[in-house]
Undergrad: 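Take this structure first; my questions come after.
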Protein chains: 4
Amino acid sequence: MVIVLHPSVTTEQIEELKAELEKGGCSAWPTYGEFQTIIGVVGSTHKLDKDKLASKNYVEKVLSVQEPYKKANRVFHPEDTVIPIGNQTIGGNKLTIIAGPCSVESESQILSVANQVKAAGAGFLRGGAYKPRTSPYSFQGLKEEGLELLKIARAETGLPIVSEIMSVSKLDKFVEDVDIIQIGARNMQNFDLLKAVGQTNKPILLKRGLCATIEELLMSAEYIMAEGNDNVILCERGIRTFETYTRNTLDLSAVLAIKKLSHLPVIIDPSHAAGKWWMVEALSKASIAVGADGLIIEVHNDPANASCDGPQSITPERFASLMGFLTQIAKIENRTI
Amino acid sequence: MVIVLHPSVTTEQIEELKAELEKGGCSAWPTYGEFQTIIGVVGSTHKLDKDKLASKNYVEKVLSVQEPYKKANRVFHPEDTVIPIGNQTIGGNKLTIIAGPCSVESESQILSVANQVKAAGAGFLRGGAYKPRTSPYSFQGLKEEGLELLKIARAETGLPIVSEIMSVSKLDKFVEDVDIIQIGARNMQNFDLLKAVGQTNKPILLKRGLCATIEELLMSAEYIMAEGNDNVILCERGIRTFETYTRNTLDLSAVLAIKKLSHLPVIIDPSHAAGKWWMVEALSKASIAVGADGLIIEVHNDPANASCDGPQSITPERFASLMGFLTQIAKIENRTI
Amino acid sequence: MVIVLHPSVTTEQIEELKAELEKGGCSAWPTYGEFQTIIGVVGSTHKLDKDKLASKNYVEKVLSVQEPYKKANRVFHPEDTVIPIGNQTIGGNKLTIIAGPCSVESESQILSVANQVKAAGAGFLRGGAYKPRTSPYSFQGLKEEGLELLKIARAETGLPIVSEIMSVSKLDKFVEDVDIIQIGARNMQNFDLLKAVGQTNKPILLKRGLCATIEELLMSAEYIMAEGNDNVILCERGIRTFETYTRNTLDLSAVLAIKKLSHLPVIIDPSHAAGKWWMVEALSKASIAVGADGLIIEVHNDPANASCDGPQSITPERFASLMGFLTQIAKIENRTI
Amino acid sequence: MVIVLHPSVTTEQIEELKAELEKGGCSAWPTYGEFQTIIGVVGSTHKLDKDKLASKNYVEKVLSVQEPYKKANRVFHPEDTVIPIGNQTIGGNKLTIIAGPCSVESESQILSVANQVKAAGAGFLRGGAYKPRTSPYSFQGLKEEGLELLKIARAETGLPIVSEIMSVSKLDKFVEDVDIIQIGARNMQNFDLLKAVGQTNKPILLKRGLCATIEELLMSAEYIMAEGNDNVILCERGIRTFETYTRNTLDLSAVLAIKKLSHLPVIIDPSHAAGKWWMVEALSKASIAVGADGLIIEVHNDPANASCDGPQSITPERFASLMGFLTQIAKIENRTI
């Protein structure tokens, strides 16, 4: 940590600050310039309260040098995390492909999609039972019935299932029913929910918020891990920018940043990022080429009649064709699907 | 609603679409151009599923003409909403000034601040008991004890109290204890929480999310109102932009937009917007000059030792001086504090 | 400046870096931590090349402590700059009100508007002769004829004139014809143009780019000042954000930031920020309340038939009424118009 | 185009509007709803002035249906544009790889890099002679001497050269000296410069502005093409967002959008997008996988001592290794390098 002092700071104030920092288990090294004094601080700086320091009237600003997360930080856990799920794994050399409809709509729909994505090589089935919708008047999901239908699809195909939780009150049911619990972008900073899923040992798929920085995403992962659950999979799904042609702007550089800063696996959701089905295949290829650990893709057998997100869903036929391309790109990087 | 069709659309497809729209209670009026056919749709268009229409392969895009919210919409409720709270009101001619510390820290702290802001003319006391913090290692609030201390301060000063809820599980306690329940920016699209508070009749202070559009904010208000609770107060508190000098960018134009689109009262939080105490006074003046219905300001008796948000808190002395200026600006617009 | 070193840095590399920094006229003070070494650098740090330092393989990041501008920096010029123009001034206690149409369209139009804004109390006349338009098919301004008409309006009203330059090749004419040369938002980083106007002694109205940070705006001012022209007036005119209801998002906090960082005067353009005439009056009031040094407002006698920017222009009648309000707000802050 | 009218509009106003639209060569088709009247407009709508229509007091908003560009529009030019340069082409099946240093620094430097990138398979040499720098105190390029050195490198390697123009006054020299004239991000809306290069027949590499929408980028291409020069190559180089870990956020979806909307070739600049050399290789692979027509990459033989942009330059060795990967990815899509 670096503390920049106001030009008018007195020697007494510097001594007082040094004493306070040392009491906090840190050591303070001042640099005296003509116009400015800077204090370099080392030690357990993550225990210092940056805001509190910045509130002092002789402090101009406080700059962080180290990342504020520990458990999610690659510095303290250099090797990649690999999360076992049934007889599969997420992270590491093998790519994770999660596919399925935005919402579970009926038994025939979810079975049809599940069988087709399995045949095409997907490793996991996604499907929304509880849906976060911008409008209270939009379809809100089949709820418990949706989870039941997902379980039927899992029983038939053997694919582990991924579904989004929206409320702590449903956590027990999710722990029992699904294989990976998804936290959606809008709940990335619903800290009560993060703490609650952190107290389970279920794999958690944590989506980046629409305007969350990479650091904030990692801090939300830290919330889960601080409670004891290390099985966190991160997901980049597009950020909000000034560009409105796409629903969001897919930030593929985030994969590289996250892999440098953290040991957690990171996958891409090209469907929500683009909001346009005809972009999904090309963005999926780019995601694998950039080094993501996998994809979560919306596949629907009848996009024009989907209950939600039809415009961004691809058909099972296109998904199967895409899988062929992805396998080839993965091979170039010595990865498998 | 306007539907733009793909140049290759056939007459049969147009007829099929018209029939579908009419079945949905709307009437459809095509405009035939050389390169493009456009369909104007009127009637109960808010019941149509825009995404579903956009999923058809002969539809190029769907443009909304009417706002997707009803209860929050000024078109259907032209006069301003005024919300009664105890012997006070929010909305209308009288400005609402809410002041107090970021977090409740101790009885002496909250009593001291409460007495001072009351003396300076504040109408409501704010104070955080449950705190949403980016880091799991930061102070998370005094929780239930914080609510108890707020009640003591209310008993002593008579000021109604405002505090933030983070979880549905605490709703009964909040309904009993506080006068205005705040939904923070990070929970603006926590739809379960919105529905739950919508089933009470408590006034709800709904803060705009960091990257929420004005329309999304109004849709979140609609979630609350759709459940039966019309007592919604909106709050602009800065949006996330590329500019990093300030914590967020205060969007004062949003006040004007919201007042045109909706009948709900709207107040400003200059403290969280700027993140710098020395900007709070000037931004407060600007907020009143632009026509906001009030302010929520962080005031702390010892900012340098505040448990949180010290850098953006002003002292009670500065708050008192600010109130003098605000009264004068309000007068110019024939409003009172 | 603070240099954060990679954990694997060697003692030789630190010594080499220290020597290089000292050769550059700076002194280097290392802080040794368990996981990280930080080097505090003081002295003529603005001469160091931050990028070059960051390119070294043992450097993790380089953090700036001091602002990279000198002439525009308040640290080295604590008192406010006041720019004399004819018998008027910009900056200081008196507010600057610049008003007029987006484009000069005809002699009768510009004379009519000029007379009316003068009568209402405006101090300067604005009018576009060369217009930067997004589309090559839109009206591009009356060009030289526009400048001639502005001169006629100046002769009749005595108001100094402000007009936008788009090309270095027209600079001599602008220096001769206008009183304040405007650099538009799209040319804020047209460095050739900045250098050229820097070699004149004309007052320059420099608008903030749509996505320029406050620091970049000040660096562009520095470009002009480094060539010898200190007469720079800054203008905030809205930044581009994800919100699309308004054309841009007016960033009033920027006024406060600029006044802290720099001694240059700063005015607000509410017309381009909002893009909606019905927001202009309220935003103008907020601008004065927040402490801006003035306003540049689009006024048109027939907005519905304006050649450009009709939707954001107010009528002379509304402008006159606004001036009354502004005078009252200014008074509260002991300023005059 | 669709015009949404205010609920209070009168029949006379609708008739007046229809007459005006018809006079403008369009036909107008009203849709009458209970709360709203919408007018669908077809014909030569690009000649209508959207702002002027929006200024009428009975018009609520004007929605565009067709893109405002013609020459750059794929609707009117369905096949991909392929631009011949010497014995090479840009666009079409063969990928374009442009490589070289940010700035030309010396004869030995540019010759060394040119020979190495040629050996690795690059098709074009880039090198800055005139450099747009945020600070007036930073290295501004070798200017004319830089162009001379580029010509020497071209003579030795046979690689066509690409360099950035910053001023109309240098255009004749650029037309004579370079093979592709680059317009940088900061000058994307320097309309005078766009018009000037539009009057040559040189290939123009037009970079997207930091906060330019895809539509604005295509409008800037239209400026060039409207003057008669159809040889425009577009370049995505990252946009400015709230995320600060990377210098900019690379928007790979833009490639897909541009290819749908326009027939012009589009390449990617991963170096400026990321600002970090260790991201360049992975982003390059993703760019080819997503379907870009090529890349422009900063390669420097000694990044730690580069005059500019060292932190984002890769070494010739890494570039050579990258070319191997790119060739394999291209093959999957039946493209060649």
Side-chain angles (χ1 to χ4, degrees), chain B residues 67 208-218 236 238-261 268 270 273-292 324-334, chain C residues 67 208-218 236 238-261 268 270 273-292 324-334:
Chain B
E67 289 76 24
R208 182 181 183 184
L210 263 76
C211 67
T213 61
I214 292 164
E215 183 169 301
E216 287 167 344
L217 172 61
L218 291 171
E236 155 65 29
I239 57 174
R240 184 162 274 181
T241 70
F242 63 82
E243 178 59 66
T244 57
Y245 189 84
T246 39
R247 186 157 147 174
N248 298 286
T249 299
L250 182 62
D251 178 11
L252 284 184
S253 317
V255 172
L256 302 167
I258 291 170
K259 292 221 150 277
K260 187 170 192 92
L261 296 168
I268 297 289
K276 297 183 189 297
W277 68 266
W278 51 271
M279 288 192 173
V280 168
E281 289 157 85
L283 292 177
S284 296
K285 295 175 192 174
S287 301
I288 299 308
V290 94
F325 281 99
L326 298 181
T327 305
Q328 290 182 69
I329 297 174
K331 210 173 172 183
I332 297 175
E333 299 288 335
N334 288 319
Chain C
E67 289 77 25
R208 183 181 183 184
L210 263 77
C211 66
T213 60
I214 291 164
E215 182 169 302
E216 286 169 344
L217 172 61
L218 291 171
E236 156 65 30
I239 57 174
R240 183 161 275 183
T241 70
F242 63 82
E243 178 59 65
T244 56
Y245 188 84
T246 40
R247 186 157 148 174
N248 297 287
T249 298
L250 182 60
D251 178 12
L252 284 185
S253 318
V255 172
L256 303 167
I258 291 170
K259 292 223 149 274
K260 186 169 192 92
L261 297 168
I268 297 288
K276 298 183 187 298
W277 68 265
W278 53 271
M279 286 191 174
V280 168
E281 289 157 86
L283 292 177
S284 296
K285 294 175 192 174
S287 302
I288 298 309
V290 93
F325 281 99
L326 298 181
T327 305
Q328 290 181 70
I329 297 174
K331 210 174 173 183
I332 297 175
E333 300 287 335
N334 288 317

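Proteins get letters first, then strands, A, B, ... in listed order; numbering begins at 1 in each.
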Undergrad: Pick one of side chain, backbone, both or neither for C:T241, based on which atoms fall under 4.5 Å of a heavy atom in chain B.
TA: side chain
Undergrad: Nearest 0.5 angstrom please: B:F242 CZ to C:R240 CZ, how far?
TA: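 One finds 10.0 Å between CZ of B:F242 and CZ of C:R240.
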Undergrad: Given heavy-atom pairs under 4.5 angstrom as the criterion, report whether the side chain, backbone, both or neither of C:A273 touches chain B.
TA: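 For C:A273, neither part sits under 4.5 Å from chain B.
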Undergrad: Which residue out of C:L256, C:T246, C:T249 racks up the most heavy-atom pairs below 4.5 Å with chain B?
TA: C:L256
Undergrad: Answer yes or no: is there a side-chain heavy-atom contact under 4.5 Å between C:I214 and C:E236?
TA: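 A side-chain contact is absent here, since even the closest heavy-atom pair is not under 4.5 Å.
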Undergrad: I need the B:S253 OG to C:Y245 OH distance, nearest 0.5 Å.
TA: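 Those atoms lie 11.0 Å apart.
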Undergrad: Do C:V290 and C:I268 have side chains that get closer than 4.5 Å, going by heavy atoms?
TA: no
Undergrad: Is chain B contacted by the side chain of C:K260, its backbone, both, or neither, given a heavy-atom distance below 4.5 Å?
TA: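 Answer is side chain: those atoms of C:K260 sit under 4.5 Å from chain B.
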Undergrad: With chain B, which of C:L252, C:L283, C:I288, C:V255 has the greatest number of heavy-atom pairs at distances under 4.5 Å?
TA: C:L283
Undergrad: Using side-chain heavy atoms (C-beta onward) and a distance below 4.5 Å, is C:L250 in contact with C:M279?
TA: no
Undergrad: Identify which of C:K331, C:E281, C:K285 forms the greatest number of heavy-atom pairs closer than 4.5 Å to chain B.
TA: C:K285
Undergrad: Between B:T213 and chain C, which part of the residue has a heavy atom less than 4.5 Å away: side chain, backbone, both or neither?
TA: both
Undergrad: Would you say C:E215's side chain and C:E67's backbone share a donor-acceptor pair under 3.5 angstrom?
TA: no
Undergrad: Measure B:A274 against the heavy atoms of chain C and call it side chain, backbone, both or neither at under 4.5 Å.
TA: neither
